[in-house]
Protein chains: 2
Amino acid sequence: MVTLKDLATTLGVSVSTVSKALKDSPEISEETIKRVKNIAKELNYRPNTLALSLKNRKTMTIGVLIPDILNKFFSKILYGLELEAQKSGYQIITCLTNESLEREKKALDLLSNGSVDGFILSCARETQTENSIDHFKNIIDQGTPIVMFDRVANDVDCDKVIMDDYKAAYQATKKLISEGRENIVLFDRLEGLSVGKLRILGYRKAIEQSTEYQSQPKIHSTTDDQGSTTEYLTKMLKDDPSIDGLLCIDNIAGVKAVGAAQRLGKNIPQDLSVIGFASDDIYDLCYPKLTTVAQRASQIGQQSVKMLIDRIENNNEVKHSTTATVNFGLDLRGTTL
Amino acid sequence: MVTLKDLATTLGVSVSTVSKALKDSPEISEETIKRVKNIAKELNYRPNTLALSLKNRKTMTIGVLIPDILNKFFSKILYGLELEAQKSGYQIITCLTNESLEREKKALDLLSNGSVDGFILSCARETQTENSIDHFKNIIDQGTPIVMFDRVANDVDCDKVIMDDYKAAYQATKKLISEGRENIVLFDRLEGLSVGKLRILGYRKAIEQSTEYQSQPKIHSTTDDQGSTTEYLTKMLKDDPSIDGLLCIDNIAGVKAVGAAQRLGKNIPQDLSVIGFASDDIYDLCYPKLTTVAQRASQIGQQSVKMLIDRIENNNEVKHSTTATVNFGLDLRGTTL
DNA sequence: ATGAAAGCGCTAACAA
DNA sequence: TTGTTAGCGCTTTCAT
């Protein structure tokens, strides 16, 4: 590693002269600047980030905690985060918490000693079920800002980025109603996450509020334990052949539903409209392609970074915490009319 | 941030005493050690990693370059990397190169100044097509070890972890032959990546070597530009109805092929056996579930970390570079007999 | 048993 | 215009 000192000694000047010269300081003569820069390039000098961070008390690094990187939703977020961070010259250091509260605590612990200027995170499942929040509060009290996205802890006072799951389900359901569907089922495979409940509420609301739609809300659900989703869907469609609208509020059930319906001889979308919630790009794994309600995952990432950097760089102004809402988009494809 | 100095002044001892006490140095009296540790806990002292790294010239951090985080294969790798790194007390700092050579260079540049003890990376597509390797060599010459996985640069002398794509395709093809299939097609959607070529070789070899199988190797391929994969597959199966075996060497074509065949009225797997290469967990998005050749992604991650840490911690012993091979697994499901 | 001092690589106030 | 010095937080050698 080439250091300032190395440059200084080979040039026979002082370290501070070199330091200033590299920053084009007006204090230094044109000529010296040139000499310094030349030798710096020649020896491939690169400033030591660690030393800079130590000096400046600023790391230009964001700690990111991801509950489950195998979930495409989160990898998309990570993608958005990285993109936006890079724009502003920030690095990202990623920790995977694997849905574990303990890992979450450890990760926070490990990085909250000057390694990082702030955190962007989504709570581990365990953190949500146990409603554990002290570890977050500690960090914030220490003066390190946190931005939470998607799975947020309501009782922690920090900036947040969430999605409007309620509205998304509401609009998807309205789309089905507007097609003139008369037996619209909601299919659920989520496991007690707060977002699932909001989606159900949105579905209910759309149906109850509609004057044209006559039936009651009808909700089917299954978990992984109860055998294959495909089998469940097949049985459901067979038992109730009048189902003509289907809103699947999890990732992949939509694709499976299309396949199951087609094997039962149904025409999609003439006989049955299907809309899925998707963070995975799985919409073209059936034919026709699946109409989805899509989370704008990369947008969430971008928004989070913006909010965090704003905090980091203007931490003097004491602002109230804000919560940003990112809307879903209804991407119409072939499984709806 | 609480520092050693803070502890020292509140206790009225010197900084070095505190430092030693926290490490249970025998130089320090039992009593002082206790006092120091108590106050440290009380004030929630956490050693500053930056300062330590600067001092020790060791960061306990691994730089990871990922070409495409939206590709499940790579997120799985990342998962495996994190898991293994955590075991050894290492942090991971992730950079997404987005298949761009320039970003790859920048990332390497940014971190190769003491921020990181070594790199684990898979080459960006652009890096492979342009066969650009100088940036890697520079890093290695500087003394920072690199481990490459999957998409490796052959001309760079460093540890590597690769998968036996050749063998995997060979075995998958043999499976189809052993079923008595007589018209086995390989379908390719990869874009000039080295792995694709190996898979093709494996397919060829299995076919040419077989005594029972009579036909010639038949390779179909398409790129994203040429319109939808589904349409291509549909046309292919229609044009040549005698195809009874299909090896798809990319991620999702397998699922699409099953759907396309079924819509053409074919029975899977009676009329047509399909095997896909998969890193995505998409095998159950068709029915019956797709038989796949699966990359042991997390194993690759683990292996890479082990090799890198070995380099980092025993860099004195000059060892020759080694290349580890991770095998695929053939996961038989419903789309084969 | 404890402390002073130097140094990791860098910056910036101050001195020359 | 250039150099000296102190300091970011920590460790470690060498006094005391």
Side-chain angles (χ1 to χ4, degrees), chain A residues 1-37 39-40 43-61 109-117 142-144, chain B residues 1-37 39-40 43-61 109-117 142-144:
Chain A
M1 272 219 32
V2 184
T3 70
L4 282 189
K5 204 174 167 187
D6 297 332
L7 301 187
T9 53
T10 58
L11 283 175
V13 296
S14 82
V15 176
S16 53
T17 304
V18 177
S19 170
K20 288 171 188 162
L22 288 175
K23 313 191 124 53
D24 289 308
S25 160
E27 291 181 21
I28 307 295
S29 72
E30 279 295 306
E31 210 213 300
T32 319
I33 294 191
K34 230 175 251 169
R35 289 205 308 146
V36 168
K37 289 199 168 173
I39 196 82
L43 299 186
N44 191 28
Y45 166 77
R46 9 213 55 262
N48 185 314
T49 324
L50 253 38
L52 279 175
S53 301
L54 186 58
K55 180 80 194 160
N56 303 333
R57 275 87 172 297
K58 183 102 184 359
T59 62
M60 298 298 284
T61 302
D109 218 58
L110 204 61
L111 297 178
S112 64
N113 47 23
S115 312
V116 133
D117 294 337
Q142 271 176 46
T144 308
Chain B
M1 273 220 30
V2 184
T3 70
L4 282 191
K5 203 174 169 187
D6 296 332
L7 301 186
T9 52
T10 60
L11 283 175
V13 296
S14 81
V15 175
S16 50
T17 304
V18 176
S19 169
K20 287 170 188 164
L22 287 175
K23 312 192 120 57
D24 289 308
S25 160
E27 291 181 23
I28 307 295
S29 72
E30 279 294 306
E31 212 212 297
T32 320
I33 294 192
K34 230 175 252 169
R35 289 205 308 147
V36 168
K37 289 200 170 172
I39 196 82
L43 300 187
N44 190 28
Y45 166 76
R46 10 213 56 260
N48 185 314
T49 324
L50 254 38
L52 280 175
S53 302
L54 186 58
K55 181 78 192 163
N56 303 334
R57 275 91 170 294
K58 182 102 186 354
T59 62
M60 296 299 283
T61 302
D109 219 57
L110 203 60
L111 297 179
S112 64
N113 46 24
S115 312
V116 134
D117 295 337
Q142 272 175 46
T144 308

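Just so it is clear: chains get the letters A, B, ... in the order the sequence lines come, proteins before strands, and each one is counted from 1.
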*What's the verdict on side chain to side chain contact (heavy atoms under 4.5 Å, CB included) for D6(A) and M1(A), showing C-alpha distance, side-chain angles and the deciding distance?*
CA-CA 9 Å; D6(A) 297 332; M1(A) 272 219 32; over 6 Å; no
*Locate the shortest heavy-atom distance separating T59(B) from G114(B); write the atom from each residue and the value.*
CG2-O, 2.9 Å
*Please name all residues satisfying side chain to side chain donor-acceptor pair (under 3.5 Å) with T32(A), sequence neighbours left out, ordered by chain then number.*
S29(A)
*Hey, are the side chains of K37(B) and D24(B) touching, using non-hydrogen atoms and a 4.5 Å cut-off?*
yes
*So, for S115(B) and T49(A), which heavy atoms are closest and what is the spacing to 0.1 Å?*
OG-OG1, 3.3 Å
*asked:* Output the rounded distance in Å from NZ (K5(A)) to P (dG3(D)).
replied: 16 Å
_Going by the rule side chain to side chain donor-acceptor pair (under 3.5 Å), which residues pair with E27(A) if we only count those two or more places apart in sequence or in a different chain?_
K20(A)
*Using modelled atom types only, decide if a donor and an acceptor are shared between the side chain of D117(B) and the backbone of M60(B) within a distance under 3.5 Å.*
yes
*Give me the residues of residues 10-18 of chain A where at least one heavy atom lies under 4.0 Å from an atom of DNA chain D, by number, or none.*
V13(A), S14(A), S16(A), T17(A)
*Looking at DNA chain C, which of residues 19-30 of chain A put a heavy atom within less than 4.0 Å of it?*
S19(A), K20(A), K23(A)
*Taking five pairs at each end, how big is the angle between the two axes of the helix from dA1(C)-dT16(D) to dA16(C)-dT1(D), to 10°?*
60°
*Distance, nearest 0.5 Å, that separates CG of N48(A) from CG of L54(B)*: 6.0 Å
*In chain order, what residues pass the side chain to side chain contact (heavy atoms under 4.5 Å, CB included) check against S19(B), with sequence neighbours excluded?*
L4(B)
*What residues form a side chain to side chain contact (heavy atoms under 4.5 Å, CB included) with N56(A), not counting sequence neighbours?*
L52(A), K58(A)
*Can you sort out which residues in residues 47-59 of chain A have a heavy atom within less than 4.0 Å of DNA chain C? Ascending by number, please.*
P47(A), N48(A), A51(A), L52(A), K55(A)
*Partner residues of D109(B) under the salt bridge (charged side-chain N to carboxylate O under 4.0 Å, His left out) criterion, sequence neighbours left out*: R46(A)
_Nucleotide range of DNA chain C lying under 4.0 Å from chain B heavy atoms_ = dA1(C) to dG9(C)
*Could I get the full list of side chain to side chain contact (heavy atoms under 4.5 Å, CB included) partners for T9(B), not counting sequence neighbours?*
none
*Between T17(B) and I28(B), is a side chain to side chain contact (heavy atoms under 4.5 Å, CB included) present by the stated rule, with each step listed?*
CA-CA 7 Å; T17(B) 304; I28(B) 307 295; 3.9 Å; yes
*How about V2(B) and N44(B): do any of their side-chain heavy atoms sit closer than 4.5 Å?*
no
*Residues in side chain to side chain contact (heavy atoms under 4.5 Å, CB included) with R35(B), at least two apart?*
L11(B), V13(B), E31(B)
